[in-house]
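Here it is, the structure, as structure tokens.
Here is the naming used below: chain letters follow the sequence lines, and residue numbers restart at 1 for every chain.
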There are 2 protein chains.
Amino acid sequence: MVGIGIDGAGREGDTPSGKTRDALRAAHLYYLQDLTMDAIAKELHTSRSSVSRLLSHARATGLVEISIHSPLDLPSRLEQEILARHEVSAHVVPVPDHASDVDRLERVALSAARILSRFIDSNQTIGVAWGSTMSAMSRHLAPKATHNSEIVQLNGAGNLRTTGILYASELLRRFGDAFGARVQQFPVPAFFDDPATKEAFWRERSTRRLLDLQAAMDVAIFGVGSPFAEVPSHVYQGGYLERADFEALSREGAVGDVATVFYRADGSTDGITLNTRATGPDFAVLRRAPRRICVVSGRAKLPSLRGALAAGLITDLIVDEGTARALVETSAGAPAATSADPA
Amino acid sequence: MVGIGIDGAGREGDTPSGKTRDALRAAHLYYLQDLTMDAIAKELHTSRSSVSRLLSHARATGLVEISIHSPLDLPSRLEQEILARHEVSAHVVPVPDHASDVDRLERVALSAARILSRFIDSNQTIGVAWGSTMSAMSRHLAPKATHNSEIVQLNGAGNLRTTGILYASELLRRFGDAFGARVQQFPVPAFFDDPATKEAFWRERSTRRLLDLQAAMDVAIFGVGSPFAEVPSHVYQGGYLERADFEALSREGAVGDVATVFYRADGSTDGITLNTRATGPDFAVLRRAPRRICVVSGRAKLPSLRGALAAGLITDLIVDEGTARALVETSAGAPAATSADPA
DNA sequence: GCACCCCTTGCACGTTTGTTCACGCGGCTT
DNA sequence: AAGCCGCGTGAACAAACGTGCAAGGGGTGC
């Protein structure tokens with residue numbers, strides 16, 4: 001873990017070598033002037049291969065940004081529908097219907113990571129949740145230089161590692177690296193065993209500091225959990241919850257969670273006992289963030305997503321096509337089996 | 001010249017075929033999800049070649065935008081220098097020093113065209129000059145959809161066609177097409193023979209309307225002319241000016257022109273007789289536009305560029321590297337032979 | 001209704017690009 | 001001082017890509 005140095009640039013002179021500088025120049029020549037890599041190699045006095053690598057570097061480090069604009073007159077039917085019905089600006093990620101859930105998640109996460117750059121800026125406090133979706137995203141973030149921004153962990157994470165899920169610290173670090181932001185860990189388990197412990201903890205000064213940061217978030221990024229789907233997600237695998245917890249959740253009508261806080265199909269949370277032991281932010285706190293980005297992949301999460309929408313947790317939704325379609329198809333008249341969701 | 005139609009899209013339905021829609025989807029898959037064209041072909045049920053073409057289309061029509069960000073901490077030394085000395089935000093286009101003038105112009109124009117998109121937006125009045133630089137640019141504009149914008153011709157153009165220079169109408173049309181903007185032609189010669197004719201013309205209602213538009217410009221785009229360079233540009237080739245005119249210009253100390261209006265090294269224009277017959281906007285009018293983008297390529301235009309800077313005509317400068325270097329090198333202490341240019 | 005034309009498609013080829021490998025240089029350690 | 005490690009380089013190969021070409025299909029004009 002050596003310094004994040006400025007890789008040799010920074011000095012005066014006409015051709016101050018330095019990888020980033022070269023990459024920048026190569027990118028200019030390639031993307032703005034349509035030269036072939038061969039031609040660029042000659043101009044930079046190096047080999048084609050190196051130019052190829054420089055360009056990869058340029059893309060990977062966010063020197064080059066590729067964005068896609070719908071021509072305004074035809075934003076996908078789906079995105080319009082979702083906006084109209086849920087007052088949420090949606091980004092539908094095209095994924096073939098037959099794709100596997102893993103594929104789907106991976107592809108949504110990839111797109112989401114790229115789209116995210118638009119929302120991140122300097123001087124922001126950015127709340128990040130934890131889960132397989134976030135984990136996948138973290139692996140693909142397109143770096144974007146910002147100053148004085150801060151990544152805040154939204155909920156505790158215990159320390160168990162399940163397939164494909166990284167330690168929360170690793171996940172957060174990636175977000176921090178990508179945006180050059182400080183990282184604020186939240187070193188608590190996902191759920192306390194005893195609500196009293198949580199309350200005690202919540203009175204700690206160090207905890208308060210973090211909660212204050214959460215309350216001042218500019219952007220929050222999270223997935224949704226769906227405890228009763230066939231393919232249960234993160235929290236439900238790692239042994240964080242016991243059979244009794246699931247039964248209670250089921251009895252109390254929970255359909256999903258955001259950052260360990262559970263809600264019903266209508267978005268309500270009152271009386272869900274598990275929440276007294278959860279470490280994620282109260283929805284009232286979450287909703288203070290002006291931008292709340294939710295990433296969802298897979299129809300299995302539909303009821304959960306619906307609930308999060310009902311709770312008004314989401315301002316920007318990144319979702320795979322199939323799920324988006326299901327969302328608008330059923331929300332018209334026939335409510336899903338799980339809930340009533342009045343238009 | 002068939003309709004600019006909406007090429008089949010626009011209907012309801014789940015998979016509303018339509019080239020633009022497909023292109024959009026392909027672009028998503030390619031640029032946001034890193035699929036290969038082969039994979040995309042399968043998802044779209046078409047051939048690889050078609051996908052390649054779709055992506056070309058997507059790029060060519062501005063569905064995909066590729067931009068390059070300097071990491072803020074190291075914007076080229078040159079750009080900083082120019083900003084500091086001339087209060088102009090510069091975009092330096094990397095071009096090898098040994099490139100031919102034609103190459104250089106072409107490459108600067110290409111970059112400029114791509115950069116231009118950032119400056120163009122809806123509801124704007126955009127003034128466009130005429131010349132070999134503008135002509136080259138017009139051939140590479142990256143379309144960007146806008147509403148209710150207007151392209152205004154800055155100066156007359158006669159009707160002669162010299163190498164590589166297109167009729168002004170063609171040039172303007174390209175700008176209009178690229179941005180979906182209305183085009184306002186200015187059907188006058190580049191220079192009147194008699195100042196009186198110009199004045200008469202200027203009193204015409206139709207002319208006034210156009211002049212009013214010019215006065216309300218949001219953006220102006222132009223090159224600079226340098227009548228006394230070895231490779232004289234546009235206006236000086238087409239027989240617009242006679243030997244006597246050149247002599248007068250020389251005698252009166254002119255170093256260059258912007259949109260047919262000439263100026264001295266110190267930016268002054270008073271007493272340059274040719275200007276009474278010129279059709280371009282008075283600098284006072286030009287300077288009303290909040291953004292004034294100047295595209296310059298080739299060291300030969302340096303004195304001319306310097307004068308335009310002195311006249312305060314420029315807010316954004318797009319310039320090739322060699323010229324940029326020359327600009328900052330000499331403006332430090334030793335003024336060019338042609339002028340005194342107090343810092 | 002038929003013929004024509006233009007636009008689009010997929011194939012095949014040549015080019016361009018990504019990646020693997022072996023090597024060489026410089027810095028740091030022992 | 002020698003050795004080791006890691007990084008960056010260029011060559012060679014394999015994959016991915018762009019484009020000329022001939023064929024097919026839909027619409028238009030006669």
Side-chain angles (χ1 to χ4, degrees), chain A residues 1-11 15-64 66 68 107 110 114 139-140 142 177, chain B residues 1-11 15-64 66 68 107 110 114 139-140 142 177:
Chain A
M1 211 64 35
V2 193
I4 312 150
I6 315 166
D7 80 59
R11 285 272 183 265
T15 316
S17 67
K19 182 167 171 181
T20 304
R21 262 204 146 66
D22 283 350
L24 209 49
R25 175 175 269 256
H28 261 275
L29 297 174
Y30 192 76
Y31 289 108
L32 255 33
Q33 293 186 25
D34 290 343
L35 298 203
T36 116
M37 295 187 178
D38 234 340
I40 298 174
K42 272 169 211 143
E43 295 203 5
L44 290 177
H45 307 293
T46 179
S47 72
R48 244 195 20 275
S49 351
S50 297
V51 174
S52 170
R53 284 186 276 253
L54 276 179
L55 287 172
S56 297
H57 175 75
R59 284 187 299 262
T61 57
L63 294 184
V64 174
I66 300 183
I68 296 181
R107 290 174 58 168
L110 186 47
R114 306 246 161 114
R139 261 176 282 124
H140 299 295
D177 284 359
Chain B
M1 209 58 41
V2 194
I4 311 149
I6 314 166
D7 80 59
R11 284 273 182 264
T15 317
S17 66
K19 183 168 170 181
T20 304
R21 260 203 147 69
D22 283 349
L24 210 49
R25 175 174 268 255
H28 261 276
L29 297 173
Y30 191 76
Y31 290 108
L32 255 33
Q33 295 185 23
D34 289 344
L35 299 201
T36 103
M37 295 188 178
D38 235 338
I40 298 173
K42 274 169 209 143
E43 295 204 4
L44 291 182
H45 307 294
T46 180
S47 72
R48 228 182 15 69
S49 354
S50 296
V51 175
S52 170
R53 284 186 274 253
L54 276 179
L55 288 171
S56 298
H57 175 73
R59 285 186 300 261
T61 56
L63 294 184
V64 174
I66 300 183
I68 296 181
R107 290 175 57 168
L110 187 45
R114 306 243 161 119
R139 261 177 282 122
H140 299 295
D177 284 359

inquiry  = Expressed as a whole number of angstroms, how long is the span from B:D38:CG to C:dG10:P?
reply    = 13 Å
remark   = B:D34 atom CG is separated from D:dA16 atom P, nearest whole Å, by 13 Å
Taking only nitrogen or oxygen atoms into account, show me every contact under 3.5 Å that the protein makes with nucleotides 18-21 of chain D, one pair per line with its distance.
| from | atom 1 | to | atom 2 | distance (Å) |
| --- | --- | --- | --- | --- |
| D:dG18 | OP2 | B:S52 | OG | 2.8 |
| D:dG18 | O6 | B:R48 | NH2 | 3.4 |
| D:dG20 | O6 | B:R53 | NH1 | 3.3 |

inquiry  = Quick check for you: to the nearest 0.5 Å, what is the distance between B:L110 atom CG and A:L32 atom CG?
reply    = 7.0 Å
task = Could you tell me the separation between the CD atom of A:E43 and the CG atom of A:D38, rounded to the nearest 0.5 Å?
result = 11.5 Å
Value in whole Å for how far the P atom of C:dT8 lies from CG of B:L54 = 11 Å
inquiry  = Quick one, B:V51 and B:K42 - any side-chain contact, counting heavy atoms below 4.5 Å?
reply    = no
Listing time: all N or O pairs from protein to nucleotides 24-27 of chain C that are below 3.5 Å?
none

query = Between A:T46 and D:dG10, does any side-chain N or O lie under 4.0 Å from OP1 or OP2?
reply = yes
task = For A:S47, report the nucleic acid contact type (base, sugar-phosphate, nothing); a contact means any heavy atom under 4.0 Å.
result = base
task = Walk me through it: do B:L24 and B:D22 pass the test side chain to side chain contact (heavy atoms under 4.5 Å, CB included)?
result = CA-CA 5 Å; B:L24 210 49; B:D22 283 349; over 6 Å; no
ask   = Within the side chain of A:T61, is there an N or O that forms a donor-acceptor pair under 3.5 Å with the backbone of A:H57?
value = yes
request  = Determine, step by step, whether B:R59 and B:Y31 satisfy the side-chain hydrogen bond (donor to acceptor under 3.5 Å, both in side chains) criterion, reporting the C-alpha distance in whole Å, the side-chain angles of both residues, the deciding distance to 0.1 Å, and the verdict.
outcome  = CA-CA 11 Å; B:R59 285 186 300 261; B:Y31 290 108; 2.8 Å; yes
ask   = Is there a side-chain hydrogen bond (donor to acceptor under 3.5 Å, both in side chains) between A:S49 and A:S52 once you walk through the steps?
value = CA-CA 5 Å; A:S49 351; A:S52 170; over 6 Å; no
ask   = Over how many whole Å does the gap from A:Y31 atom OH to C:dT16 atom C1' extend?
value = 13 Å
request  = Check whether any side-chain heavy atom of A:L54 lies under 4.5 Å from a side-chain heavy atom of A:L44, and answer yes or no.
outcome  = yes
ask   = Would you say a side-chain N or O of A:S50 is under 4.0 Å from OP1 or OP2 of D:dG10?
value = yes
request  = Might you point out which heavy atoms bring A:S47 and A:A41 nearest each other, and give the distance in Å?
outcome  = C-CB, 3.7 Å
ask   = Roughly, in whole Å, what's the span from CG in A:L44 to C1' in D:dT9?
value = 14 Å
